Protein chains: 2
Amino acid sequence: MGSKRGAVGPPGSCAHMEHFLETCLLVLVEEAPGHGYSLMDRLADFGFPPDSFNIGTLYRTLRRLEKAGLVTSDWEEGGQGPRRRVYTITDQGRESLSLWIEVIKGNRRRIDRLLARYSALHGKEGLEG
Amino acid sequence: MGSKRGAVGPPGSCAHMEHFLETCLLVLVEEAPGHGYSLMDRLADFGFPPDSFNIGTLYRTLRRLEKAGLVTSDWEEGGQGPRRRVYTITDQGRESLSLWIEVIKGNRRRIDRLLARYSALHGKEGLEG
DNA sequence: CTGCACTATATGCCCACCGCATATATGCTA
DNA sequence: TAGCATATATGCGGTGGGCATATAGTGCAG
């Protein structure tokens, strides 16, 4: 690891599941463009508890994705509230997304093996947990 | 999140899969006590590429776990090489482990949903990846 | 016995990134 | 005009990882 990583984040930690939030956001934005506040809600679809992480983190993550060229943003015109920055995925974003999806599949394999080992130790059949 | 986290790491990020390496190490050490260098090899069982992460990270992580009281360490006597610090899990370690396992099960659910959504977008049936 | 490779542990430096708190701005309502 | 909900953004402090480097014991080649 540490090579093909898809633009965001120079060094790359393998110990942590890197780019998970980024990947979720790219999938959501690919499904339909949206602004930060609404993406926050749509993340609930993935099983994130409502206040699971900080809204500030989300905005900073989106800005980082934009800086890396994986999404673009435009100010939504004519809304009747505060202005909204609407994010759209780019081709480069789709490329990084497909890379990160592969990484995450590998992570899932590791998780499965870990849970299997733990179950083997503790005699639980909790793999469906 | 941010409440029940099991001793290591005060604030707690939910966006990233926290404590994954720690959890792997606790499972390995619970299976059988071992020293850092050997745990490095045994991590390969979980699908970590051999040089997947830095050995320094592993040692620091083990020291952190010990500082938090989740493992203890003893210098192995009488070996014929450099001295080895052998780690053993504690009761508190087993407690944290069971908490983290639950967190990881939640992470796996999120990963499954993410991969499903991605597959739905791209018409792949790649959930077995 | 000197130098080198292998095993093994440890740490300093830098930086990514997260949570918390806070700041700012807009529009609606009382 | 004050308060509230929506919406975006940032400074601060801290965790933790990657990389490079230091240290140390052991065996072996020359």
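None of the values given here were measured: they were computed from a predicted structure. Keep in mind that the numbers below use all heavy atoms, side chains included, and drop hydrogens, waters and symmetry copies. Throughout, a chain's letter reflects where its sequence line sits, starting with A, and its residues are numbered from 1.
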Which residues pass the salt bridge (charged side-chain N to carboxylate O under 4.0 Å, His left out) test with [X], not counting sequence neighbours?
X	value
A:Glu95	none
B:Arg94	B:Glu30, B:Asp91
B:Arg117	A:Glu31, A:Asp45
A:Asp41	none

Find the distance between CG (A:Asp74) and OG1 (A:Thr88) and round it off to the nearest 0.5 Å.
6.0 Å

Interatomic distance where [atom1] belongs to [X] and [atom2] belongs to [N] [whole Å]:
X	N	atom1	atom2	result
B:Lys67	C:dT9	NZ	P	20 Å
A:Asn54	D:dA9	CG	P	14 Å
B:Trp75	C:dA8	CH2	C1'	8 Å
A:Tyr87	D:dT8	OH	C1'	8 Å
A:Leu65	C:dA16	CG	C1'	14 Å
A:Arg63	D:dT8	CZ	P	10 Å
B:Phe20	D:dG16	CZ	P	16 Å
B:Leu58	D:dG16	CG	C1'	14 Å

Candidates D:dG17, C:dA10, C:dT9 - which lies nearest the side chain of B:Thr57
D:dG17

Where the side chain of A:Arg85 is defined as all heavy atoms beyond and including C-beta, which of D:dT6, D:dA9, C:dC17 is the nearest nucleotide?
D:dA9

Verify the contact: side-chain N or O of A:Arg64 to OP1 or OP2 of C:dC18, cut-off strictly under 4.0 Å; return yes or no.
yes

Taking only side-chain nitrogens and oxygens of B:Tyr59, does any of them come within less than 4.0 Å of OP1 or OP2 of C:dA10?
no

Compute both the distance and the angle, then confirm whether B:Arg110 meets the cation-pi test with A:Phe48: under 6.0 Å from the six-membered ring centre, within 45 degrees of the axis.
yes

Under 4.0 Å between any heavy atoms, over every strand shown, what does A:Arg60 touch: base, sugar-phosphate, or nothing? Just pick one.
base

Protein-nucleotides 26-30 of chain C N/O pairs closer than 3.5 Å?
none

If you assign B:Thr61 and B:Ile55 each to the DNA chain D nucleotide with the nearest heavy atom, which residue ends up on the more 5' nucleotide?
B:Thr61

The criterion is side-chain contact (heavy atoms from CB on, under 4.5 Å); which residues satisfy it with B:Thr90, sequence neighbours excluded?
B:Thr72, B:Gln92

